[in-house]
Structures are given as structure tokens and as C-alpha cells.
2 protein chains.
Amino acid sequence: MSPRARTARTKEDQGHEAAGQAPRAGDLTRTKILHSAEDLFGEHGFDGVSVRQIALAAGVPVALVNYHFGGKEGLYRAIFEMRSPAIVDDRLAGLRLAELEPNPDRKLELIIRALIVPMIHLRNTEKNSSYARILARETSSPSRHSKEIIGEFFDPVARKVTEAMMQALPDRRPEEIHWAYHTMIGAMVFIMADTGRINRLSDGTCDPDDEMSTATHLVALLHAALKHGRVPEPPRKGNL
Amino acid sequence: MSPRARTARTKEDQGHEAAGQAPRAGDLTRTKILHSAEDLFGEHGFDGVSVRQIALAAGVPVALVNYHFGGKEGLYRAIFEMRSPAIVDDRLAGLRLAELEPNPDRKLELIIRALIVPMIHLRNTEKNSSYARILARETSSPSRHSKEIIGEFFDPVARKVTEAMMQALPDRRPEEIHWAYHTMIGAMVFIMADTGRINRLSDGTCDPDDEMSTATHLVALLHAALKHGRVPEPPRKGNL
DNA sequence: AAAAATCTTGTCAACTTGTTCAAATCTGCT
DNA sequence: AGCAGATTTGAACAAGTTGACAAGATTTTT
């Protein structure tokens, strides 16, 4: 069979890349495939791309994909293993920063920024823009496979964010916090999906490529939503 | 060839179903296929389902799909032609209602409701829940095909909504209106996608199946976002 | 230098994909 | 009853799918 297949040593490759710990021969091929896959998956989705197209784009024989990643699913997972840590770590760092802020209003904004800015930044970093699209697709897909991947890679940090929100907004019911959180994720993910609709409908006034402007607007809107968006009635049953 | 292929007479079938105007023989088959397709496309996306799976679920031979809809794409389009008018009309009706409201604050809320409530309602109407998922997928997909379909069926009403928003919030720059609009769409579409993540992360406290509660929370949050979410600085270039 | 592990390559088989075809059946109309 | 058009059917098609293999090339270790 294959000596080291599956999604084995991806952490070493990306995680501590600086300390050159035995870069093997196949690593160049790995990253070539990984990048092509990222682009194509981002554009057409998991089912919309064949391994052959990826291999062709990467300029390698098809068999190499199976050798290095143990199949199409393994390749897909490898993309998440490569990219996710960066966002998650950035978010956690942002949350730690928010904890230090005494002013409750500023604190709330910092939490929102911790959630949003890493992703916006990711999207606008040349090489990673496709991953943002992949993430957008996956986040809003109801399939079992998507749930597993998102759950594994992003649920932990999601819980941290909601906890921080509860602390920053102590007068809200958990229900309100969670709806607010998913409103934020939805808005963010939609803009990250990059359908071009924003540019189209705004006649070019709004441009997601403008990292600064996008973040400013999105944070302002979501900050207002969280700060002033109280739900009037406590949730008694049978109200119509 | 096929006498009447393509996506011909879908309006007659669904639109004015009451007045029985010549229900042809194949109409039952058509709707069987249409419904199965809706479910499967909603669950796995366009590329995630094969025509054979759809035919199998509908209990008809594969060839009938091509006969009635002229191919897979035609079938997909037919779903939009069947479902879209209902939402679009509901939204337009909601917008007309909002125009009559004198109180600017209430007016803004009515506009938001006009955009959101029809879709939430659609999602929670037994038969149509899958279409909401299809719509969510398609709205946040960057592929050319998705752009075309969404553009054709939903851009017109989108422009009406943004126009109404500009009237209700005359002190905002167009830029702000458009970011706000896409924030709304994103939040809504994400919740409609129905990934189960909301239930999971909130430990069941939030349930998108509860139409009333979902609408209340979402409208409250977005209303606050639009009302208080001003962007501080005018967009001068080169700000860092 | 020899041996062992790793990496690359072209090809293959088993299977699924969307679509088409000719023949059969059903339908309503004169 | 008979006919024309609409509908249904099962089979077939060409093209593309994934994953696997053995054999060769390369690198690393002994």
C-alpha cells in the first residue's frame, strides 16, 4: 500500500514551518495539490470538482492525490487542517484582548472584531481567499459531512465567543446571545462567500476586497445589533 | 424528440391551480419529480445529487426527468420557477404595507419584516423547507450559474428593498444601505440553511422551527443594526 | 556503495454520470 | 373505433468518475 497516506503530518508542515525539520521531497507536490484543490473547491464546491481537475491544475498525475492524501475526502480535510488553526488562533487572541478591556461597550466591539476580523483578513490574503469561500460553503451546508468538519474545527472557538458575549452582555438571556451569534456568523459568512452580488447590487460602491471598509461596516452593524437588539417579550409559549 | 420539453408551463400548473385549466396527464409525474428533486437538492446541492437518485426517489424511470424538464439544469430551474413567485410577491406586498406606515421607526421594521418573514415562513411550511435550503446554498455560491439564477429571480425585489431602505433612512450613504442589506440577507440565509448548528450550540434553546421566535429575534437584531449601526467616518481613501 | 524508505508515473478496472433512443402505452377527440 | 399526440418505459450511450496497482525514479539512511 502507501507508506504514509491519510492526512498525517500536516501540523508539522504548516504549524512550525520556521524550524526546518526535515522537509521531505514530496512536500512541494503536496502544497501544489493543496493550493489547486483550494481554488477549485472554493469555486465549485466539493462535489463540483473532480480529483482529475485538481491534479490537472496542479500539474501532477492523478495518482499523486491519492498517494498523499488518501483520497478526495482526505484532501478536503487537509485543507481545513492547513488553514483553520490560523483563524482559530487569531480569534482566541482577539478574545484574550477583549477580556482586558474594562469599558463594556468597547469590550463588546472587541469580541465582535475577534470573531470577524480574522476571517475578513483571511479572505483578503491573496493565497487564502478561496478557503474563505470553502468555509462559507461548508458553514451553511446541512450535510452530515459539513457538520462534522465545522463542528470539529470551529465549534470550540464558537463556544468561547458566546461565553464572552454572555459576560459582556450580562442582562441577556442565553437565547438572545445565541441568536445574535448566528446572526453575526451568517452576515460574515455571506460576505466571505464572495458571490459578487454585493458589488453588483451596490453598483460597485461596496467592495469586499476593501478589507478596512468591509470590517468597519460589518462591525458597526453587528455592534449595533448586539447592543440595542433586545427582544421585547420573554419567551412565553403560545403567543400569536 | 420531445413534444414539450424545457421548462415550459410551470406557471399554469402552480399559479392558478384552482381553475382547472386542462391538467395534462404528465402533471402528476412532473410534481412527483419536482418534489423529490427539491428534497435531494436541498440536502446535497446541485452537484451532490444525480438524476438517477431523484428519479428513484420519485419512483419514475430516469428518462422521464429529461422528457419533462429537458435535463438536470432544467429541473433545477423549474424548482425556482415553481417557488420563487410566492416569496417575491409576499415581499412586494410587505413593502407596499411599509410604505403606508407614517412612523419612520415602525416603517423600517416593516421593511425588514417584508424581507425576512416570507422566507422564514417558507422555511417552516412543511413542503417548502427544502427550497429554503436550496435558496440558501444558491445565494451564497459564487458560481456563474448561481449568480444567473439568483440575479434573475431575486435581484429585482432586492433593488426594491434597498430603495425602500434609502427612503426610510435618508441620512445614510448608499454604501451603508447596501452593507446593511447584505448583512440582513446573510443572517437570514444562514439561518434558513438549517445546518442544525444553532440548535447544537445553543443546547436547543434556539430553534429555527419556531417561526415566531426566530422572526422576533432576527427582526429585533437587524432592526437595531439598521437603526443604530452608523459608520463613523466618511470613506476617505488611504486610511490605515 | 548498498539497502530502505519515500516519491512519482502511466495504466487499469469498476462504476456513475447526464442524456438519448425506439418502441410501447395511455389519453382525449372526432 | 380509430387516430394523433402526449406520456412512459427499459435499454443503451459516450464521457467522466474514483481509487488501485506495479514498476520505475528519487532520496535518505545504514
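Just so we're on the same page: letters track the sequence lines, and every chain starts at 1.
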How many Å lie between [atom1] on [X] and [atom2] on [N], as a whole number?
X: A/H44; N: C/dT17; atom1: NE2; atom2: C1'; result: 17 Å
X: B/R52; N: D/dA12; atom1: CZ; atom2: P; result: 13 Å
X: A/L64; N: C/dT11; atom1: CG; atom2: C1'; result: 14 Å
X: B/Y67; N: D/dT9; atom1: OH; atom2: P; result: 12 Å
X: B/Y76; N: C/dT19; atom1: OH; atom2: P; result: 15 Å
X: A/D47; N: C/dT16; atom1: CG; atom2: C1'; result: 13 Å
X: A/D27; N: D/dT27; atom1: CG; atom2: C1'; result: 13 Å
X: A/F69; N: D/dA20; atom1: CZ; atom2: P; result: 16 Å

Base, sugar-phosphate, or nothing for B/V49, non-hydrogen atoms under 4.0 angstrom? sugar-phosphate
Mapping B/A63 and A/K72 onto DNA chain D by nearest heavy atom, which one lands closer to the 5' end? B/A63
CD1 (A/I79) and CZ (A/F69) are apart, to the nearest 0.5 Å, by 8.0 Å
Of the options D/dA11, D/dT9, C/dG10, whose atoms approach the side-chain atoms of B/V62 most closely? D/dA11
Would you say a side-chain N or O of [X] is under 4.0 Å from OP1 or OP2 of [N]?
X: A/H68; N: C/dT8; value: yes
X: B/N66; N: C/dT20; value: no
X: A/S50; N: D/dT17; value: yes
X: B/T29; N: D/dT7; value: no

Ring centroids only, cut at 6.0 angstrom: are B/Y131 and B/F80 within range, meaning strictly under it? yes
Tell me whether the centres of the aromatic rings in A/F190 and B/F190 are closer together than 6.0 Å. no
May I ask you to check whether over 12 heavy atoms, not counting those of A/K32, lie within 6.0 Å of atom NZ? yes
Can B/E175 and A/T205 be counted as having a side-chain donor-acceptor contact under 3.5 angstrom? no
